[in-house]
Asker: 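Please find one structure pasted underneath; my questions will follow.
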Amino acid sequence: MCFEAAPDAPATLQVGDAALVPGECALLSEGRGGLLKVTVNDGRTNEPLHARVSVRRGDATAVRLVEDEHFELEVTARGCDG
């Protein structure tokens, strides 16, 4: 799982026991796939954004944070950059 956002975005992605900042990736444990709970913490407001991300076994999943008036998540099952 990779977390993509603007380099200076004040956010962290919490997935399992890992906390990722923009540009970081984490290897998820081997499993069947399915829905995975993730939380993005908005450093500007300290408001959490909760989502369930569909992951497939063996696929890389990128979570991209889109910052407009508020944060939104886009999820793609593709390779992570880097």
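Bear in mind that the values here come from a model prediction, so they are computed numbers and not experimental data. Computation of the quantities below employed the complete heavy-atom set of this structure, encompassing side-chain atoms and omitting hydrogens, waters and symmetry-equivalent molecules.
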Asker: Could you give the distance from CG (Leu65) to CG (Leu49), rounded to the nearest 0.5 Å?
Answerer: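 So the CG of Leu65 and the CG of Leu49 are separated by 7.5 Å.
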Asker: Provide the closest heavy-atom pair for Ala19 versus Glu24 in the form atom of the first, atom of the second, distance.
Answerer: O-OE1, 3.8 Å
Asker: Taking side chain to side chain contact (heavy atoms under 4.5 Å, CB included) as the test, write out the residues that go with Glu47, two or more places apart.
Answerer: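 In terms of side chain to side chain contact (heavy atoms under 4.5 Å, CB included), with neighbours along the sequence ignored, Glu47 is linked to Thr45.
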Asker: Can you name the residues that form a side chain to side chain contact (heavy atoms under 4.5 Å, CB included) with Ala26, not counting sequence neighbours?
Answerer: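 Partners of Ala26 under the side chain to side chain contact (heavy atoms under 4.5 Å, CB included) test: Ala18, Leu20.
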Asker: If you look at every heavy atom in Pro48 and Asn41, which pair is closest and at what distance?
Answerer: CB-OD1, 3.8 Å
Asker: How close do Phe3 and Val21 get, heavy atom to heavy atom, and via which atoms?
Answerer: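 Minimum heavy-atom contact is CD2-C, 3.5 Å.
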